[in-house]
Structure formats: C-alpha cells, structure tokens
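Here you go, one structure.
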Amino acid sequence: MVDLVKLIINGKEVEAPVGSTILQAAEMAGVEIPRLCYDKDLSPLGACRLCVVEVKGNRLLPAACVTPVYQGMEVDTDSPAVVEARKTILELLIANHPLDCLTCEKAGACKLQDYCYRYGVKESPFAGEKHDYAIDDSNPFIVRDLNKCILCGACVRACEELTGADNLSYLNRGFHRKATTAGDVDYIDSDCVFCGQCVAVCPTGALTEKSMVGQGRRWDIERVRTTCPFCGTGCNFDLAVKDGKVIGVLSNPDAPVNQRSLCVKGRFGWDFIYNENRLTTPLIKKNGQFEPASWDEAFSLIAERFKEIKEKYGPDSFAALSSARCTNEENFLVSKFSRAVMGTNNVDHCART
Amino acid sequence: MTNPISDIDNEVELMFLIGTNPTEAHPIIGYKMRQAARRGAKLVVCDPRHIDLVDEADYWLRLKPGTDIPLLNGLMHIIIKEGLEDKKFIEERTENYEELKAIVETYTPDRVSELTGISVDDLYAVARLYATTDKAMIFYTLGITEHICGTRNVMSCANLAMLTGHLGRPGAGVCPQRGQNNVQGACDMGALPNVYAGYQAVGVDAVREKHEKAWGVSLPSKVGLKIPEMFAAAHEGKVKAMYILGENPVLTDPDANHIRGALEKLEFLVVHELFLSETAAYADVILPAASFAECDGTFTNTERRVQRVRKAIEPIPGQANWQTICQMFNVMGYPVSYNSPKEIWDEMASLTPSMAGINYERIEKENSLQWPCPSLDHPGTPVLHVGKFTRGLGLFQPSEHIPPGEMPDDEYPFLLSTGRILQHYNVTTPYSKGISSIWDKEMSELNPVDAEKLGVVTGDQVKVTSRRGEAITQIKVTDRVLPGVIWMSFHYTATPTNALTSHHLDPITGTGEYKVCAVKLEKV
C-alpha cells in the first residue's frame with residue numbers, strides 16, 4: 001500500500017501518495033497547473049517557474065513541479081499572486097522571443113503561445129537585447145531556431161534520459177545561456193543520432209520537423225495513428241496528414257512500446273512513400289522491356305500463366321514468397337492463396353534469411 | 001520474445017546481450033537498455049564488435065566470431081561446477097539435463113578461453129553474475145541465428161536460461177528481437193511452408209480438415225519448400241512460377257548470384273513491389289504495391305503485440321495490397337469477397353486458437369494485445385512459459401562447438417561479418433531522400449592495423465572478393481572491429497554485400513551464414 005497524505009488544493013480536500021509533487025497531486029485531482037519545463041517522461045527541473053503556486057504559510061511561490069506535498073498542505077493554484085507571477089514570467093520569456101507567431105511552424109501547438117493567450121500577455125514591458133542566433137538548417141530532418149528557445153531544457157533531458165545520446169547540454173551563463181550541442185556546432189556536425197526526441201518534447205518553435213515547414217498549420221493537420229514499418233520493435237506514431245498527403249511523423253504519447261521515442265528511420269524515413277520511383281501501374285515485360293499495363297491485363301496474364309503452369313507441372317511448381325514487411329492480413333492471404341488456390345505449401349518469407 | 005519490452009523499463013536487473021546491436025537495429029529497445037543500465041541494471045555485451053552499448057556495459061565479452069556455443073557452454077560449465085544452477089527449476093520444469101551436463105563438462109574455462117578469446121576471469125564473473133541475478137534477461141538477434149549453427153546457438157541460449165530458472169516470470173526470459181516490422185506476424189499468419197496461422201502444422205489431419213472445411217477445397221499435407229529450397233528447386237527446374245510480395249532476395253539473401261540464376265530460370269514471375277527492385281527486374285509481371293501509409297491492417301511486433309496499421313492516404317497505385325491479392329484469388333477462379341482487412345483478420349482468428357480473442361474492436365479499445373489470446377475475455381499474454389512450457393517440459397538440447405562453414409585462409413585472409421546500421425532499414429530507407437542524402441554509401445569498418453597494411457584511410461575504396469562474388473566499398477577505419485575482420489552493411493545497391501556472403505546455411509532453418517565468411521581486400 002502506498003501511504004497517502006491529505007492536502008487541500010483550491011479549497012478542495014484531495015489525497016496523493018507520499019512523495020508526490022504538488023503538480024502531480026493537482027493532476028490527480030483534475031487541476032491543471034500551467035507548465036513549460038515539466039514533462040512527465042523527464043526528470044523534474046523547476047526551471048521555467050510557470051507552475052508556481054501559493055502555499056499557505058510559505059511567503060514564496062514554490063514551483064509545483066519540484067515541491068513535494070505534505071499532510072495538511074493548503075495550495076492555491078490560481079490565486080491573484082500566482083496569476084500575477086505567471087504573467088510576469090511570460091513577459092520575461094517573451095521579452096527575448098521573436099513573436100513571429102504569424103509564420104511560426106509551431107503556432108497552434110506552442111505552449112508559450114497557449115499560455116500567453118490564457119493570461120492575456122501580448123507584449124513584454126521588458127525591453128532589452130534579443131538573441132540573433134543563426135538558424136541551424138544543416139540537416140534534412142530538424143530545424144533548430146534557438147531564438148525561440150525558452151531554456152526549458154526538455155531537449156537536453158530527452159537526449160540524455162530517453163535516448164542516452166548525451167548530445168545536448170547547456171553552454172554559457174545568463175543571457176548567453178543556450179541549450180546546444182557539444183562545441184555548439186550544427187546538428188549535422190555533432191554526434192546527433194537524429195532520433196528527434198528533442199523535437200517531440202520542445203514546447204515552442206525552437207525545434208521543428210523540417211518536412212512540415214510551410215506544409216500546413218497545426219490545427220489543419222489530421223493525425224493518423226499507425227505502427228512503424230521498419231524494425232520489429234513495433235513503435236507507434238501519428239502520420240501527420242494534410243490534404244491527403246503525409247507531411248511528417250509526430251510522436252503519440254499513448255504508444256504502448258515507445259511512448260514518444262522514435263529513431264531516425266521511424267521519425268524521418270517515411271518519405272520513401274513519395275519517392276518518384278514508386279511504381280504506380282502494373283508492368284508487363286514484353287521483349288525484355290517493362291511496359292505499363294492495366295490491372296485487368298496484368299491479372300489476365302497472371303491467371304493464364306499460373307493456370308497453365310499448375311496444369312502442366314503440378315501445384316508444387318508454384319512457390320510464393322510473402323513479406324515480413326507487409327501486414328498480417330496480406331500475409332494470411334498469401335498463405336491462403338498458395339494453399340487453397342495453387343494447392344501447394346510452398347509459401348515462405350524471410351523469417352530465416 | 002518470451003517477455004515484454006516493458007520489462008526493460010520496469011523489471012530487469014541484468015541484461016545479457018549476445019549477437020545483438022540494439023541501439024542500431026532496434027533503437028528504441030537499445031535506448032531503453034541504455035537507460036536501464038544507467039539506472040543500475042547490470043549489462044553484459046557479448047559481441048566481437050565494439051557496439052555502442054559496450055560503453056554502458058559491466059562486461060564486454062569480445063568473443064571471436066562464430067564461438068557462441070563454446071561461450072554459452074563455458075558459462076554453463078562454471079554455473080554447474082559452482083552449484084549455481086536452479087535445481088528446483090531443472091527438476092520440475094525440464095528434461096534431458098544429464099545430456100547437457102555431460103556436454104558442457106568438457107567446456108572448461110581454459111578451453112573456452114582458448115576458443116573464444118575471452119579471459120577466464122570474465123567467464124567466471126559473468127557466469128556467476130547471470131546465475132545469481134534474480135531478474136536476468138537474455139537478448140539476441142541475428143548475431144546468434146545467422147550462423148551455420150544458428151539453431152544450436154538459439155538452443156544454447158535457451159539452455160542457459162533454463163539451467164538457471166530464468167524463464168516464465170517478469171524480468172527474465174529469452175528475448176530474440178525480431179528483425180522486420182512484421183516478421184513475427186508473417187510467421188504467425190502461416191506464411192511458412194509447414195504451418196497454417198498460429199503454428200498449426202499442415203501435416204496434422206484435424207488442422208488441415210478444419211481449413212479445408214473453411215476454405216472449401218482439399219489442401220496439401222506435404223510440407224512445402226523453404227526459401228533457399230525454392231531457389232534451389234527453381235535452379236533444378238522444379239519450381240516454374242513464383243509470386244514475390246515485398247521482398248528483394250537479390251539484395252538481401254546470401255549468395256546473390258545463385259538467387260539471380262534461379263529467378264532467370266523461372267517460366268513466370270510475378271513481383272508485387274513498391275519499387276522496381278533488383279528482384280522485380282526479373283519479373284514477367286510487376287504489380288505496384290501500396291505502402292504502410294496506404295493500407296489498413298495489423299503488424300505484430302517482436303513481443304507478440306498485435307497493433308493497428310491505419311490508412312492515412314489513398315493508395316498511390318490505386319488499390320491496397322489486400323485488394324490486389326484478392327483479385328488474384330478471383331481471376332484464378334476462387335472468388336473471395338472480403339470488404340476490408342478486418343474481415344480477413346476475423347477469418348484468420350476464427351481458424352487460429354491462439355489469436356481467437358483478438359479483433360479490431362479490442363485493439364481499438366485496448367491499444368494493442370499480445371498473443372496467445374485464446375478468448376475474447378482473455379487479457380493477452382505478456383510473459384510466456386509461466387508455470388509450464390508449450391511442450392510441457394523444457395527440453396535441454398545441448399550442442400558441441402560447430403565452427404563456421406568458411407573461415408579465412410591464405411587466399412581469402414579476412415573475415416567478413418555483416419549487419420544493419422542505425423540509419424538504414426534493409427533496402428527501403430535508401431528511397432528516403434532525407435536519409436539517403438546523408439548516409440548515401442556503404443562505409444565498411446576495418447581495423448586501423450589492417451588499414452595501414454592495405455594503405456587505406458577512411459573514405460578510400462577497396463574491392464572485396466569472396467569465392468562467390470565481389471563488391472566495391474568505401475572504408476571506415478575504426479577499432480570497432482577486430483584486426484582481420486571487415487564489417488559491412490547490406491543496404492546499398494552500389495555495394496551488394498550479399499554477392500559476397502556465404503552459401504553455408506543452417507541445416508535446420510536454411511538461414512544463411514551472413515555473419516561469417518572469408519574474403520580478400522584490394523585497394524582500388
């Protein structure tokens with residue numbers, strides 16, 4: 001049995017396991033506390049301070065994501081002081097942010113934008129220097145715009161705690177602090193394995209999928225959950241579809257095997273489906289050359305020749321090679337076709353080769 | 001896998017890896033292993049190559065290629081000598097223990113050290129660690145199976161797990177990570193010459209009669225041909241016609257020239273493919289295939305988890321693959337009228353006891369299900385062999401050392417071993433523009449000692465020649481490989497690695513010995 005403590009959140013008595021943070025206890029009680037750096041799959045950091053709450057008897061506003069609950073604790077997640085503090089935090093964050101939401105890829109899926117909307121933060125009273133980092137466009141998969149980075153550290157933690165590539169860390173201090181690669185080189189020149197976990201956890205437009213740039217606003221994208229077609233791990237992800245076309249892969253936290261993690265192939269290798277060498281019509285070889293044919297022509301020829309060969313040489317003169325890349329249903333059909341139609345058990349696939 | 005992938009997150013105390021490179025071939029599993037090791041789980045890596053996970057390992061057993069059986073026998077020898085075997089498990093759950101004991105008796109630490117190149121101290125340490133860790137999982141992939149003794153290698157892994165009672169409970173087990181997205185499913189669906197879906201043998205009358213009744217035809221009882229036998233039969237003129245779906249054996253099967261010869265001899269070949277592959281070039285008719293994004297259906301992963309594949313876009317060739325295959329039924333005079341893949345699944349499940357409880361509605365609701373799942377109220381089976389093995393008692397099948405079919409000699413002095421790299425997946429990813437724009441050519445690994453002798457540096461080209469063929473490759477100089485070894489991937493058309501690979505096969509499975517053959521290298 002897990003020991004529980006009783007506390008009061010927004011005037012309501014709730015229970016939470018010993019060792020829970022205020023943020024976790026609130027979530028269990030159905031109270032959502034705004035957060036930018038907190039991510040349930042990553043270690044808590046307490047960096048963004050947006051999750052501050054008021055705790056009775058505490059004259060400071062503690063960060064809910066790193067403050068443990070205790071018996072009798074009284075928490076207010078939405079008091080005037082809390083709201084004021086969150087506004088100020090957002091104003092500080094956007095003081096050094098491009099605010100180019102009109103063209104930002106992440107508009108509609110940006111937490112910074114969402115919270116500014118919620119708290120009515122339109123502009124920052126804090127005028128000062130802004131970063132002017134060059135955009136890292138060095139690789140085919142990820143666009144890195146550190147001008148939009150809010151230093152939540154989710155990318156650094158994902159790189160270390162999900163993938164273990166340890167390719168990202170913090171550099172410099174103060175205004176010049178940045179989350180970047182060792183030696184601050186472009187991704188392509190770093191030890192990046194291009195798993196894209198950093199993109200999946202980034203709450204702003206700092207890290208985005210290159211394939212999706214200019215392809216559609218986030219709210220217009222249909223997400224179709226499916227299973228990765230590469231290795232046997234069985235990762236799930238969402239195909240991002242716009243106007244009948246796949247434009248990218250997005251992580252789906254409900255994926256039973258992989259949660260939001262993917263590898264370079266699953267996240268970025270899907271574009272083989274639009275390779276211009278895809279076959280689009282049946283082809284029949286005539287005089288050593290392939291010529292386009294209709295489906296009907298192809299099927300008639302197949303029927304004629306398969307029947308002829310089966311008749312002449314017997315059922316075992318046919319063999320089918322099914323596919324470990326295709327679906328269960330397709331494999332079942334190939335097995336049934338070989339056995340029930342061609343009359344042979346000569347059906348196999350590459351399981352052993 | 002006997003156990004679920006999530007055991008790596010939640011249960012495991014020791015991961016024993018042999019012949020598997022998960023951070024590249026099964027990256028998400030590899031990433032989970034790395035995190036588990038960093039959380040404090042022990043990690044043993046048995047691999048001739050310095051794979052990434054070696055950097056996280058407590059022990060790296062850098063065995064000589066093709067000496068897996070001596071290594072495993074040697075570990076079992078020590079476990080028995082030190083009385084660390086699980087006597088209760090052996091007594092209650094297994095048979096043939098005496099034969100195992102007799103065979104491993106001769107695999108003394110000194111002899112095993114000599115055969116494998118691993119120090120006696122490491123053998124003792126790892127044997128004790130594995131035997132005395134409660135939750136220890138064995139992981140392997142093709143580094144175990146792609147040998148002339150692949151089946152015996154697998155059995156030896158199972159022997160080690162049974163000897164120490166590491167089966168039938170969470171955090172234990174023998175876990176082969178299956179290679180392709182649906183290699184598990186293709187087996188499960190009966191795309192095999194000896195079984196219908198769910199491993200129901202074609203030779204069993206009741207099974208065959210059940211399918212005859214369902215399908216309304218009489219069915220053959222004779223076991224069919226395995227892939228290498230199909231190509232051999234094509235060479236002999238016994239197989240005359242083939243249908244090949246989504247496979248490119250010319251690039252992926254060992255001894256490619258033999259495959260090409262077989263395809264040439266066929267009277268009629270139908271290839272159902274996404275691209276005009278090396279294999280499709282031999283076809284008489286090519287049917288254009290739809291990709292995973294264009295089809296509904298299911299894949300079954302390495303832990304027997306059935307998950308949905310969902311159609312996101314309209315099929316580029318105009319129809320989904322299941323529709324194309326159905327049309328083949330129809331034109332052959334066996335009409336079928338499935339309206340969707342769901343109906344195909346339902347027919348399969350109605351004939352397959354181990355899948356009977358899985359359907360699309362449940363997958364939708366429960367996210368995924370792991371077979372065996374015999375009834376609609378069954379929750380699925382994350383861990384196999386709990387309390388009892390499928391066959392009843394676990395059978396120890398010990399083996400003597402079986403050296404590779406071909407080893408380096410004076411004429412072909414290098415050992416060639418092959419595998420996958422992170423960025424590519426067999427022969428599909430080269431069609432990804434993004435991936436192929438960075439990883440566009442084979443970079444074969446060669447030890448600095450050999451590179452210096454040959455006078456090559458990273459980026460230089462060499463010609464690799466075996467008794468079966470040749471290929472030109474670029475070299476990457478690295479001590480990831482031992483001296484005397486060249487390691488190559490097989491993803492690139494320009495470097496057809498499988499023109500080189502061995503013609504030796506595992507006699508039971510027909511699996512090619514991709515992991516070991518002899519080659520010579522010349523700078524070009």
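To find a chain, count down the sequence lines: A is the first, B the second, and so on, and within it residues start at 1. Bear in mind the structure is a predicted one, so any value in this text is a computation, not a measurement.
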Could you tell me which portion of B/F231 (side chain, backbone, both or neither) has an atom closer than 4.5 angstrom to a non-hydrogen atom of chain A?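 Looking at B/F231, just its side chain touches chain A.
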Heavy-atom proximity to chain A below 4.5 Å, by part of B/K222: both
Checking B/I435 against chain A: side chain, backbone, both or neither under 4.5 Å from a heavy atom? both
Between A/C228, A/C235, A/G164, the one whose heavy-atom pairs under 4.5 Å with chain B are most numerous: A/G164
Under 4.5 Å from any heavy atom of chain A - which part of B/D296: backbone
Checking heavy atoms, do the side chain of A/F268, its backbone, both or neither come under 4.5 Å from chain B? backbone
Region of B/E212 that comes under 4.5 Å of a non-hydrogen atom in chain A: neither
Heavy-atom pairs under 4.5 Å with chain B: which of A/E276, A/K312, A/E222, A/E297 has the most?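 Among A/E276, A/K312, A/E222, A/E297, the one with the most close pairs to chain B is A/E276.
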Max heavy-atom pair count under 4.5 Å with chain B, selected residue of A/L162, A/N139, A/N258: A/L162
Check each atom of B/R308 against the heavy atoms of chain A and say whether the ones under 4.5 Å are side chain, backbone, both or neither.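 Interface part for B/R308: backbone (N, CA, C, O).
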Which answer fits B/V331, side chain, backbone, both or neither, if we ask what part of it has an atom under 4.5 Å from a heavy atom of chain A? both
Side chain, backbone, both or neither of B/K342 within contact of chain A (heavy atoms, under 4.5 Å): neither
Using non-hydrogen atoms only, which part of B/A234 is less than 4.5 Å away from chain A: side chain, backbone, both, or neither?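 Neither; nothing under 4.5 Å.
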So which part of B/Q177 gets closer than 4.5 Å to some heavy atom of chain A, the side chain, the backbone, both or neither?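 Neither part.
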For chain B, which candidate among A/S261, A/A303, A/P229 shows the most heavy-atom pairs at distances under 4.5 Å? A/P229
Relative to chain B, which of A/N331, A/L279, A/V334, A/T344 shows the most heavy atom pairs under 4.5 Å? A/L279
